[in-house]
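Below is one structure, written out as structure tokens; comments come after it.
Residue numbering restarts at 1 for every chain, and letters A, B, ... go by the order of the sequence lines. Predicted, not measured: the structure shown is a model, and the values here were computed from it.
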Number of protein chains: 2
Amino acid sequence: MRERPKIKDIAKRAGVSVATVSRALSDSTLVTAETRQRIHDLARELNYRPNVSARNLRTRKSMSVLLVVRDVGNPFYLDILKGVEATAREAGYSVLMGNTENDSARETEYFHMLRDGHADGMILMTGKLPAAGGNWSGAPTRVPVVVALEIIEGAGLPHVQVDNAGAAREAVEHLISLGHRRIAHISGPVPELMSLHRREGYRQAMRDAGLEVPDAYEVRGDYLLESGQQCCRALFTLPEPPTALFVANDEMAYGAAYELRRMGRDVPGDVSVVGFDDLYLSKAFYPPLTTVSQPRAEIGHAAMELLLKILSGAEIDCDEPIILPTVLHIRGSTAPPQG
Amino acid sequence: MRERPKIKDIAKRAGVSVATVSRALSDSTLVTAETRQRIHDLARELNYRPNVSARNLRTRKSMSVLLVVRDVGNPFYLDILKGVEATAREAGYSVLMGNTENDSARETEYFHMLRDGHADGMILMTGKLPAAGGNWSGAPTRVPVVVALEIIEGAGLPHVQVDNAGAAREAVEHLISLGHRRIAHISGPVPELMSLHRREGYRQAMRDAGLEVPDAYEVRGDYLLESGQQCCRALFTLPEPPTALFVANDEMAYGAAYELRRMGRDVPGDVSVVGFDDLYLSKAFYPPLTTVSQPRAEIGHAAMELLLKILSGAEIDCDEPIILPTVLHIRGSTAPPQG
DNA sequence: TTGAAAGCGCTAACAG
DNA sequence: CTGTTAGCGCTTTCAA
């Protein structure tokens with residue numbers, strides 16, 4: 001095995017100039033079909049692969065995008081990643097994962113990566129912009145950033161999301177239609193938009209059904225398992241505990257269901273539980289969890305598609321978010337209230 | 001805001017040459033501490049960031065590594081990724097995710113990325129080498145590849161792994177110590193080394209305890225939920241069904257437990273179940289799953305550490321794999337056999 | 001200690 | 001259709 005061949009080597013062997021080789025390799029019509037073929041054959045024979053750094057430097061593109069999330073460890077993002085990845089690789093892009101852990105230093109770091117040529121664009125799923133960031137207010141569509149899943153208000157950035165409030169409302173309506181009246185809500189960290197929206201959907205459904213929501217029926221969690229347990233415990237020390245729970249995500253719903261069992265209450269016999277997210281194994285849970293399913297892969301797909309459009313220089317309307325439909329999966333964790 | 005500043009701009013403003021700026025920025029001792037400081041200040045002021053493509057081209061390094069898995073969608077890899085990522089970023093490296101989906105074309109594609117400058121090294125977790133790959137047999141330690149989790153025999157590549165057989169043996173011994181005699185095993189896709197090893201551990205434990213393993217007590221799954229259900233069904237149509245199950249991974253264990261409930265059998269009352277992997281939510285499962293926990297983050301950490309060492313030119317002993325310890329978490333899904 | 005200059009491998013004017 | 005040439009922005013000899 002010799003050294004890595006470069007374009008020059010192919011040119012030499014083919015008796016043409018490097019320019020011709022470059023053109024042939026990119027299937028330019030400025031080259032005879034015949035020489036083009038010859039070059040391609042030669043390239044394969046020599047096992048030639050273009051040097052990406054050189055190409056990137058020259059073209060000022062990296063052909064990769066950044067997918068930035070709050071916590072790579074969360075399985076929830078997996079299907080989104082898959083959607084993004086599939087769409088990206090089809091278009092010749094690679095995907096770089098960014099993990100902020102809610103650390104603003106890292107958030108800005110990823111924005112820097114955009115500027116320093118690491119990536120051409122990015123899909124933001126953190127729900128916020130770095131503090132003293134750059135000037136992405138000036139020419140909205142020119143900044144290759146799309147926000148997915150979460151919402152960043154007033155940034156003039158394009159969005160791909162689901163109707164969190166509507167989906168939450170639907171979930172709670174399901175509980176109401178089952179006959180439940182005392183329905184409590186374990187929310188996410190509520191100053192956050194997504195948590196706010198889900199809670200709003202809960203409130204709407206309750207209001208529309210003429211049901212009152214005692215303050216104590218809204219407990220604030222943080223989307224983690226333990227928090228689901230804690231909130232559940234708080235709820236069931238109440239003088240009038242709820243007969244049903246609408247939990248802002250599956251993970252906390254698991255925690256709540258676990259705690260209910262520990263307290264000797266049956267799900268759904270004594271208490272019904274609805275989650276949100278439809279995690280991969282939620283259907284194998286016991287009892288199978290009734291939950292709102294987000295089209296995760298499609299979210300990833302749509303976000304990448306949008307980014308691709310921006311990257312190709314198209315003008316994007318940032319005022320109209322792309323809203324993808326959710327579906328409520330009714331499974332074993334909900335039933336009419338007893339007695 | 002003006003154009004992106006380059007080294008030349010800083011040089012002009014500072015009244016020095018580009019070479020000096022480059023040196024100052026890389027904290028070379030060939031520059032006066034004073035000018036070095038001045039350059040740094042200027043760089044910050046101008047919001048300068050080096051262009052990675054240019055640097056990569058020049059230094060022939062990309063400062064990123066490839067983490068190649070069979071299925072990015074599998075939550076199992078998440079903690080490993082976190083471990084890899086943390087160690088990588090500490091050393092100034094980025095992590096590129098590679099997803100093969102068991103497609104050999106994609107497997108080779110990732111090896112190509114190594115050659116074409118996309119990444120400097122890779123961590124392989126697919127358990128196999130691309131078919132007609134390159135010459136990574138020649139000078140073992142010179143190929144910046146480390147195999148983690150899985151095992152690739154005879155490739156002379158460094159390994160980071162756990163003692164699958166030993167861990168499996170321990171799990172089955174737990175079942176035996178509980179008093180179980182009829183213990184069945186739902187394995188992974190057995191020509192694969194990892195599945196083989198776990199099955200081997202099961203057999204050893206059974207043999208050591210003087211217990212016989214009827215052929216029908218070993219069923220082959222594929223690590224997925226449905227397969228756990230199917231295998232479980234097969235096992236319990238046997239004239240003498242087992243009283244305990246050692247399942248090769250948690251996901252199939254979920255499937256099996258789910259199926260047992262559907263068949264009206266209580267876990268662990270009627271049947272004990274042990275899994276392998278300790279997925280994030282296994283402890284919230286009902287009943288909490290007894291399972292073998294692998295030190296996932298540490299595996300990622302160790303693999304990256306090893307890769308870093310190779311990348312720095314150190315000689316690596318490929319014959320001695322790094323073996324990380326597992327721990328058996330005894331939870332609610334195992335109990336003595338009834339009656 | 002600093003500067004001038006030569007590329008890294010590739011693409012894209014510009015000429016022919 | 002093809003070749004010549006000029007960089008992309010950076011690092012690193014080699015001289016001073």
Side-chain angles (χ1 to χ4, degrees), chain A residues 2-40 42-43 46-64 92 112-120, chain B residues 2-40 42-43 46-64 92 112-120:
Chain A
R2 4 176 335 192
E3 278 301 290
R4 276 206 68 193
K6 35 183 117 171
I7 260 191
K8 208 171 160 189
D9 299 320
I10 301 189
K12 218 171 288 174
R13 293 258 303 217
V16 296
S17 75
V18 291
T20 304
V21 175
S22 174
R23 290 190 192 106
L25 256 21
S26 56
D27 290 319
S28 159
T29 54
L30 293 175
V31 185
T32 335
E34 184 224 348
T35 33
R36 208 189 311 166
Q37 186 55 51
R38 197 156 50 92
I39 305 280
H40 267 118
L42 207 48
L46 294 182
N47 201 7
Y48 169 79
R49 297 224 103 210
N51 177 310
V52 292
S53 300
R55 169 181 293 172
N56 291 351
L57 176 57
R58 185 59 231 237
T59 60
R60 297 151 165 292
K61 303 210 296 174
S62 64
M63 293 309 279
S64 56
H112 284 325
M113 290 178 67
L114 240 53
R115 304 208 321 130
D116 64 23
H118 249 114
D120 299 333
Chain B
R2 0 175 338 185
E3 279 300 290
R4 276 206 68 193
K6 31 184 123 173
I7 261 192
K8 207 171 159 190
D9 300 320
I10 301 189
K12 218 171 288 173
R13 294 257 304 217
V16 296
S17 74
V18 292
T20 304
V21 175
S22 174
R23 290 189 190 106
L25 257 20
S26 57
D27 290 319
S28 157
T29 53
L30 292 176
V31 185
T32 336
E34 186 225 346
T35 35
R36 209 189 311 166
Q37 187 55 50
R38 198 156 50 90
I39 304 280
H40 268 117
L42 209 46
L46 295 181
N47 201 6
Y48 169 79
R49 298 223 103 210
N51 176 310
V52 291
S53 301
R55 169 180 295 171
N56 291 350
L57 174 58
R58 184 59 231 238
T59 60
R60 295 151 166 293
K61 304 209 298 178
S62 65
M63 293 308 279
S64 56
H112 284 325
M113 290 179 68
L114 240 54
R115 302 209 321 129
D116 64 23
H118 250 115
D120 300 332

Inset, instruction - Measure the distance from CZ on B:Arg58 to C1' on D:dT11 and round it to the nearest whole Å. - result: 4 Å
Legend entry - Minimum side-chain heavy-atom gap B:Ile10-B:Leu46 below 4.5 Å: yes
Inset, instruction - Determine yes or no for a side-chain-to-main-chain donor-acceptor pair under 3.5 angstrom, with A:Thr32 supplying the side chain and A:Glu34 the backbone. - result: no
Inset, instruction - Specify the residue among A:Val18 and A:Leu30 whose closest nucleotide of DNA chain D lies further upstream toward the 5′ end. - result: A:Leu30
Inset, instruction - Please tell me if the side chains of A:Tyr48 and A:Asp9 come closer than 4.5 Å, counting only heavy atoms from C-beta onward. - result: no
With 3.5 Å as the limit, what N/O pairs link the protein to nucleotides 13-16 of chain D?
residue, atom, partner, partner atom, Å
D:dT13, O4, B:Arg23, NH2, 3.0

Legend entry - Value in whole Å for how far the C1' atom of D:dG9 lies from NZ of B:Lys12: 13 Å
Legend entry - Sugar-phosphate only, base, or nothing, as touched by B:Ser26 at under 4.0 Å among non-hydrogen atoms: nothing
Inset, instruction - To the nearest 0.5 Å, tell me how far A:His118 NE2 sits from B:Ser53 OG. - result: 8.5 Å
Legend entry - Student check: side-chain heavy atoms of B:His40 and B:Asp27 closer than 4.5 Å: yes
Inset, instruction - Please check if the side chain of A:Arg13 supplies one atom and the backbone of A:Leu42 the other of a donor-acceptor pair under 3.5 Å. - result: no
Inset, instruction - For the residue pair B:Asn56 and B:Ser62, confirm or rule out a side-chain donor-acceptor distance under 3.5 Å. - result: no
Inset, instruction - Using chain B heavy atoms and a threshold of under 4.0 Å, write down where along DNA chain C the contacts begin and end, 5' to 3'. - result: C:dT1 to C:dG9
Legend entry - Side-chain heavy-atom pair B:Val18, B:Lys6 within 4.5 angstrom cut-off: no
Legend entry - Interatomic distance where NZ belongs to B:Lys6 and C1' belongs to D:dT11 [whole Å]: 16 Å
Inset, instruction - Check the distance between D:dT5's C1' and A:Lys8's NZ and give it to me in whole angstrom. - result: 14 Å
Inset, instruction - Take the protein atom CZ of A:Arg115 and the nucleotide atom P of D:dG9, then report the distance between them rounded to whole Å. - result: 13 Å
Inset, instruction - Assign A:Thr32 to base, sugar-phosphate, or nothing according to its heavy-atom contacts below 4.0 angstrom with the strands shown. - result: sugar-phosphate
Inset, instruction - By nearest nucleotide on DNA chain D, pick out whichever of B:Ala54 and B:Thr20 is the more 5' one. - result: B:Ala54
Inset, instruction - Using atom CE of B:Met63 as one end and atom P of D:dT11 as the other, report the distance to the nearest whole Å. - result: 12 Å
Legend entry - Side chain B:Arg38, main chain B:Ala14, donor-acceptor under 3.5 Å: yes
